[in-house]
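In what follows, chains are A, B, ... by sequence order, proteins preceding strands, each numbered from 1. Here the structure is a predicted model, which is why all the values come from computation and not from measurement.
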Amino acid sequence: MVLAPAAPGAGTASRDGQAFCLQPADATGAPTGPAAVVSLADLPGAVRRAEQGRVRWVWDTTRSSYLPMLKAGASVERCHDLTLTRNILSLSEFAPGSDYVLSLRRSAVTDEERDGLPRQVLPVPDSPDQFTLFDSPQPRGRSVHELIRELQDQLAAVAGSSRRGRLQLLVAAESAGALIAVEMEYAGVPWREDIHEQILAGFLGPRPRNGERPLELERLVARLRELLDNPRFNPDSAQELLRALHRAGIEVKSTRSWELQEHNHPAIAPLLEYKKLSRLHSANGWTWLDTWVRNGRFRPEYIVGGVVTGRWASRGGGALQIPQQIRDAARPDPGHKLVVADAAQLEPRVLAALAQDSALAAAARGKDLYQGIADVGFGGDRAKAKVAMLGAMYGATTGESGRLVPQLTRTYPRAIGILERAARTGEAGGIVSSYLGRSCATPSERWLQAQRTTTAEEQRRADSIARTRGRFTRNFIIQSTAAEWALCWLAELRRRLRSAAADGTYVGELVFFLHDEVMLHANADQIQLVCRIVEESAAEATRLMFGPIPIEFAVSIAVVDSYADAK
DNA sequence: CTTCCCAGCGCG
DNA sequence: AAAGCGCGCTGGGAAG
């Protein structure tokens, strides 16, 4: 059975926007009975009753339907997100050329043509705690009939795929991710405001009045003005700073920290210090705390599939860039621990699996893949092996990284071979795909235009643009497949946590996800179980995606009382 | 005044 | 030590 909660305005839902329309349907998406309108208050009961069978909830946008459900006390087992699935199918090389898929591709082109025009901006809740109902982006208020219609088209497209099993897994994992993203937003990362303030005070001095510079920054500015003999300049302005440096005889082309580092001048050290502290103040200072932390929780919004490769993006508070400096403020509640787990060297392991490179798989057998590579081809030098591997996956051409890559090619011809193939495909304007079938976009009209050149000057430019796309597609096959593995890992984690909870054991909840790392806010009495769940989920993710392969995807787990201790 | 782009830096 | 992938956010400054 399939149930379709619909936004108000969709046919039978009530006027006040507080009701859901539930339409039971069979596995093909065909309705099997009359639609029911359920108020928010009755929702938990209705969901429980529906989930006595194996059901999948279907909606346009998970966040706009599921966030109000969670607030009403109803969580669900499985869903199908029509928008996320639509995005995958519209690009996937694995999707068949059905009428539905072709129509998606046509409208994708018009989206591209529309690029540059202002997009519809939607009202967002002004505080993370005030969730508005049905703030979904278009297509707003589609009828249940329309939802079911599209569900049928999507299920048919997946069933008709040449790589049906893989695409099915991708679509399921993407929707599971959508549930997890909303649940993590609802849960929030436990965040101690008092500790955060202590950190700020330690680095910057007492909290300044509105808009004023903190004491420590003010001190550094005074010092810099003196050292650069420039009584009025403002180091926050890159232009002013560059001029001031030049006048002091420091010949830099930019004001980047790494470039400044190469110069010897008494002003350099305090300037680097200023940049570091100024960054902390503007990005994660008191304003950040006031804006993004409420009632002991940091609640970012996660954008599933927000990155072309299928990685998640986030909105609000820079959730995926929390600097080391402030991680100490992430602390568990009493009776809890933070369990922080990350997949060790996920991307090269993915490469080994994708290429079925048994030599690389052998290096991946141990906990430390880079050491394994180093022992075979780099005289045990782990740092060199790592730089070489990253260079191969990113397309480095110069520097130490570029020089070391050929050494890898000799030992791992299959692995390097598929990277090279992906790069050549991209340079020629072709499409590449992840293991499960997430494909990159076709080149833009502008890109194709740039390739049609005549003069030698234009040709050099065209080649450079082509190589840029080659580096993108080279990396795409790795990053996108790694994102899929992480998604499967998350989904398995969630499944096991829920099943333990259903058996009466509260083990904890997922509260944060960062590409290849997860954080759980865990019951301190169930840490052993949590760790086992984390490890079993990783093994199951590997099996689900690749079947029985001789590659281990190692996870490292830290059980801590502060996020700062996780690494 | 608002809107847009860039430089710079944080994360993986 | 640093040039090669993917992002979000901030402040400055130019453009409108």
Side-chain angles (χ1 to χ4, degrees), chain A residues 116 118-119 121 211 213 233-242 252-262 271-272 274-285 287-288 291-292 300-303 305-327 342-348 350-351 383-384 386-405 419 422-423 426 432 434 438 440 464 467-483 486 512-518 563 566-567:
Chain A
R119 283 146 211 266
V121 178
R213 228 181 227 132
F233 98 104
N234 167 20
D236 293 329
S237 160
Q239 298 183 12
E240 277 188 52
L241 179 55
L242 201 57
V252 282
K253 292 210 297 292
S254 76
T255 64
R256 289 189 180 89
S257 291
W258 66 263
E259 194 181 347
L260 292 170
Q261 228 141 30
E262 291 169 350
L271 178 54
L272 292 173
Y274 178 85
K275 279 172 155 286
K276 190 93 186 148
L277 294 183
S278 155
R279 166 87 193 176
L280 172 65
H281 176 237
S282 67
N284 297 100
T287 310
W288 183 89
T291 312
W292 299 112
E301 175 188 350
Y302 297 91
I303 317 288
V307 179
V308 284
T309 54
R311 274 187 174 181
W312 293 8
S314 73
R315 187 150 52 206
L320 306 187
Q321 308 125 253
I322 300 173
Q324 294 291 341
Q325 282 166 310
I326 62 162
R327 292 191 177 187
D342 80 293
Q345 304 120 16
L346 178 55
E347 296 195 343
V350 158
L351 174 59
K384 273 190 180 172
K386 179 175 176 177
V387 164
M389 197 69 224
L390 292 174
M393 292 188 299
Y394 291 158
T397 52
T398 59
E400 191 188 13
S401 187
R403 262 180 285 119
L404 291 172
V405 173
L419 292 171
V432 297
S434 70
R438 192 186 308 263
C440 70
S464 158
R467 280 194 300 274
T468 298
R469 189 162 189 279
R471 287 192 299 274
F472 164 65
T473 51
R474 168 197 295 270
N475 185 251
F476 184 97
I477 60 169
I478 302 299
Q479 193 180 113
S480 59
T481 306
F512 188 63
F513 173 55
L514 181 57
H515 308 319
D516 60 0
E517 170 184 325
V518 297
Y563 188 22
K567 221 173 124 182

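- One finds a side-chain N or O of A/Thr397 lying less than 4.0 angstrom from the OP1 or OP2 phosphate oxygen of C/dG4.
- Checking C/dC7 for Watson-Crick or G-U wobble geometry (two distances, each under 3.5 Å) identifies B/dG10 as its partner.
- Residue-to-nucleotide proximity on DNA chain C shows that, of A/Gly395 and A/Val387, the 5′-proximal contact is made by A/Val387.
- Side-chain contact between A/Arg438 and A/Thr309: absent, with no pair of heavy atoms (C-beta onward) separated by less than 4.5 Å.
- In this model, no side-chain donor or acceptor of A/Arg474 finds a partner on the base of C/dG4 within 3.5 Å.
- Within the structure, a side-chain polar atom (N or O) of A/Lys275 is placed less than 4.0 Å from OP1 or OP2 of B/dC9.
- For A/Gln321 against C/dG8, a side-chain-to-base donor-acceptor contact under 3.5 Å is present.
- Nucleic acid contact for A/Gly318: sugar-phosphate only, since backbone atoms but no base atoms lie under 4.0 Å from a heavy atom of the residue.
- With sequence neighbours left out, A/Ala392 forms a side-chain contact (heavy atoms from CB on, under 4.5 Å) with A/Val405, A/Leu408, A/Ile416, A/Leu419.
- Contact annotation: A/Ser257 reaches the phosphate of B/dC9 (side-chain N/O to OP1 or OP2, under 4.0 Å).
- A search for side-chain contact (heavy atoms from CB on, under 4.5 Å) contacts involving A/Val387 returns A/Ser401, A/Leu404, not counting sequence neighbours.
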Atom pairs, N/O to N/O, protein against nucleotides 10-16 of chain C, distance under 3.5 Å?
residue	atom	partner	partner atom	Å
C/dG13	OP1	A/Ser237	OG	2.4

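- Qualifying side-chain contact (heavy atoms from CB on, under 4.5 Å) partners for A/Thr473, counting only residues two or more places apart in sequence or in other chains: A/Val432, A/Cys440, A/Arg469.
- Remark: A/Glu347 engages A/Arg311 in a salt bridge (Lys or Arg N to Asp or Glu O under 4.0 Å) (not counting sequence neighbours).
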Pair up each side-chain donor or acceptor in residues 274-285 of chain A with any protein partner under 3.5 Å, not counting sequence neighbours, and list the distances.
residue	atom	partner	partner atom	Å
A/Tyr274	OH	A/Arg213	NE	3.4
A/Tyr274	OH	A/Asp236	OD1	2.7
A/Tyr274	OH	A/Asp236	OD2	3.3
A/Lys275	NZ	A/Thr255	O	2.9
A/Ser282	OG	A/Ser278	O	3.2

